[in-house]
Chemist: 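Pasting a structure here, questions to come.
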Number of protein chains: 2
Amino acid sequence: MRDGRETKERITRAALTLFVEKGFAETSIRDITSAVGVTEGALYRHFASKEQLAWDLFSTNYISFATELTRARIGRTGFGAQIGAMLDTFCRFFDEDPELFSYLLLVQHNESGKLPDTIKTPVDAVRECVIDAMESGDIPPADPEFVTASLLGVVLQVATARIYGKIDKGLCELKDELTATCLRVAQG
Amino acid sequence: MRDGRETKERITRAALTLFVEKGFAETSIRDITSAVGVTEGALYRHFASKEQLAWDLFSTNYISFATELTRARIGRTGFGAQIGAMLDTFCRFFDEDPELFSYLLLVQHNESGKLPDTIKTPVDAVRECVIDAMESGDIPPADPEFVTASLLGVVLQVATARIYGKIDKGLCELKDELTATCLRVAQG
DNA sequence: CATCTGCAAGTGAACGATCACTTACTTTGG
DNA sequence: CCAAAGTAAGTGATCGTTCACTTGCAGATG
């Protein structure tokens, strides 16, 4: 039989590419299906709506990324080791699929509010790391939200500069510089 | 005569609010005009199209903000003084109209590519400051794009945290902390 | 002072295009 | 043969934009 799962994956990837390239609202169902080479009905065989397609794309990857980040942290002791491990995870995730990362960054503000509060996000993972480090005295006390935002800012903006071609090294190559910068940020 | 300029300004503000709240594509002309209390024809008396309305809103403020940033820098000597002055300008700009700032941040990636290369953007202002500081030895040599992105990241992400209510102090109150963090970022 | 005039400002119905989505039908392959 | 996968022609709603028309007002005219 014709393999429906393969079609579904091709739809998912085409949607990801187009959402990043043109934006969600500016991408029509026809754009997606004609990029894949199927008709609109085929898409609705696999997804209930355009919104659900976008949501599937977001929630699956956003949550699994948060899980990876948290897993990278456990077992490590000390702020430097934990941030280093999380940055390693982040850089590999980014370099492996920059398009996916762009999508998560792009729609994060619209979609992350739909997540139940019980679900841990990547932002939560960083915040927990910061709070732990403050409690254990690894970094000086300060507003955890301020420090978390600063750390996220460095990483996300460097990643954005990479996406726009302003930085020509992959993030994995920049991992040590990123780690050093993050450590300086946190050492208030 | 009925004051057309006042109507135009009310359309501009309503569009700003709605674009930030719902996004550009999700905001219809009817949404804007009914928020103002006029009909659709009246909007087209003042703006050629929905796109031009969004573009006017962006380009005017984006450019004038870049001008303010550059002006804050001139006359100051030393990286610390220059970054401090630019942060002061930024924080006041943000606190004065967070909604406007949100809009510039939101549409920046779509619209800034339409600016001619001769126009100086806020990002350019920061990059120039970084390059000057490296040449004069105020900060250690590094990839200017990396340092620029890191500095921007800290400031923009803290501003974003403020917008989302995660930080409850105004940016002007956080200016000293922001300055200190930026100095630490640049001292590679 | 009263009236006329010209024009910017605003109205509201209509237009064609496009959209997400549906449905009745056909093809495919175990 | 049968169920899943895919097709193709629709549906109604909504969108940005247009246009013929009305309204309000400043200044010229007599």
Side-chain angles (χ1 to χ4, degrees), chain A residues 1-61 103 106-111 113-114, chain B residues 1-61 103 106-111 113-114:
Chain A
M1 183 172 300
R2 289 164 293 182
D3 192 350
R5 286 174 307 177
E6 194 207 313
T7 303
K8 182 170 182 176
E9 271 173 28
R10 288 171 61 211
I11 290 173
T12 298
R13 173 52 65 173
L16 180 65
T17 303
L18 286 164
F19 287 164
V20 169
E21 188 180 307
K22 318 199 315 174
F24 173 76
E26 291 77 10
T27 300
S28 70
I29 297 291
R30 283 179 177 84
D31 287 337
I32 299 168
T33 53
S34 73
V36 175
V38 295
T39 56
E40 298 154 78
L43 185 146
Y44 284 94
R45 186 73 63 189
H46 298 285
F47 298 96
S49 68
K50 185 187 176 186
E51 255 198 18
Q52 206 201 70
L53 167 54
W55 169 250
D56 273 24
L57 214 40
F58 172 77
S59 61
T60 308
N61 296 288
Y103 178 71
L106 191 73
V107 302
Q108 171 197 14
H109 295 119
N110 306 326
E111 308 277 16
K114 302 175 189 169
Chain B
M1 183 172 299
R2 288 164 292 182
D3 192 350
R5 286 173 308 175
E6 193 207 313
T7 302
K8 182 170 183 175
E9 270 173 28
R10 287 171 61 211
I11 290 174
T12 297
R13 174 50 68 173
L16 180 65
T17 303
L18 287 164
F19 288 164
V20 169
E21 189 180 308
K22 318 201 315 174
F24 173 75
E26 292 78 8
T27 300
S28 70
I29 297 291
R30 286 172 179 84
D31 286 337
I32 299 169
T33 53
S34 73
V36 175
V38 296
T39 56
E40 298 114 279
L43 185 146
Y44 285 93
R45 187 71 63 189
H46 298 287
F47 299 95
S49 68
K50 186 187 176 187
E51 256 198 18
Q52 205 202 70
L53 167 55
W55 170 249
D56 273 24
L57 214 39
F58 172 77
S59 61
T60 310
N61 295 289
Y103 178 71
L106 192 72
V107 302
Q108 170 197 12
H109 295 121
N110 307 327
E111 308 276 17
K114 302 175 190 169

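Quick caveat, the model's predicted, so the values are computed rather than measured. Throughout, a chain's letter reflects where its sequence line sits, starting with A, and its residues are numbered from 1.
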Chemist: Donor-acceptor check, side chain of B:Lys50 to backbone of B:Phe24, threshold 3.5 angstrom: yes or no?
Modeler: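 It does hold such a pair.
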
Chemist: Quick one: which of D:dG6, C:dA20, C:dG10 gets closest to the side chain of B:Ala42?
Modeler: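 Closest nucleotide to the B:Ala42 side chain: C:dG10.
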
Chemist: Tell me if the CD atom of B:Glu51 is crowded by more than 12 foreign heavy atoms within 6.0 Å.
Modeler: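 No.
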
Chemist: I need the residues from residues 19-40 of chain B with at least one non-hydrogen atom less than 4.0 Å from DNA chain D; give them sorted by number, or say none.
Modeler: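 Nucleic-acid contacts, sorted: B:Thr27, B:Ser28, B:Ile29, B:Arg30, B:Glu40.
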
Chemist: Report the distance from atom CD of B:Glu51 to atom P of D:dC15, rounded to the nearest whole Å.
Modeler: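 Whole-Å distance recorded here is 17 Å.
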
Chemist: What is the distance from CG of B:Leu43 to C1' of D:dT18, rounded to the nearest Å?
Modeler: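 Result: 13 Å.
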
Chemist: How about B:Phe19 and B:Val107: do any of their side-chain heavy atoms sit closer than 4.5 Å?
Modeler: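 Side-chain contact under 4.5 Å: no.
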
Chemist: To the nearest angstrom, how far is B:Glu6 atom CD from D:dG24 atom P?
Modeler: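 Computing the B:Glu6:CD to D:dG24:P distance gives 16 Å.
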
Chemist: Distance check: side-chain N/O of B:Thr7 vs OP1/OP2 of C:dG10, anything under 4.0 Å?
Modeler: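 The answer is yes; a side-chain N or O of B:Thr7 sits under 4.0 Å from OP1 or OP2.
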
Chemist: Would you say A:Val36 and A:Leu43 make side-chain contact, with heavy atoms under 4.5 Å?
Modeler: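 The answer is no; the side chains never approach within 4.5 Å.
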
Chemist: Specify the separation, in whole Å, of atom OH of B:Tyr44 and atom P of D:dT17.
Modeler: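 Computing the B:Tyr44:OH to D:dT17:P distance gives 3 Å.
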
Chemist: With respect to the phosphate group of D:dG6, does any side-chain polar atom (N or O) of A:His46 fall under 4.0 Å of OP1 or OP2?
Modeler: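 So the side-chain polar atoms of A:His46 do come within 4.0 Å of the phosphate oxygens OP1 or OP2 of D:dG6, strictly under.
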
Chemist: B:Arg45 has an atom CZ; how far is it from atom P of D:dT17, in whole Å?
Modeler: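 My rounded result for the distance is 15 Å.
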
Chemist: Quick one: A:Trp55 CH2 to C:dA20 P, roughly how many Å, whole number?
Modeler: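 So the CH2-P distance, A:Trp55 to C:dA20, works out to 20 Å.
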
Chemist: Please report the distance, rounded to the nearest Å, between NZ in A:Lys8 and P in D:dA5.
Modeler: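 These atoms are roughly 10 Å apart.
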
Chemist: Atom NZ of B:Lys50 and atom P of D:dC15: how far apart are they, to the nearest Å?
Modeler: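 Result: 9 Å.
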
Chemist: Can you tell if the side chain of A:Thr33 reaches within under 4.5 Å of the side chain of A:Val38, non-hydrogen atoms only?
Modeler: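 The answer is yes, as the side chains (C-beta and beyond) meet within the 4.5 Å cut-off.
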
Chemist: Does any non-hydrogen side-chain atom of A:Arg10 lie less than 4.5 Å from one of A:Glu6?
Modeler: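 They are in side-chain contact.
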
Chemist: Could you give the distance from CG (B:Asn61) to CG (B:Leu16), rounded to the nearest 0.5 Å?
Modeler: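 That separation rounds to 8.0 Å.
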
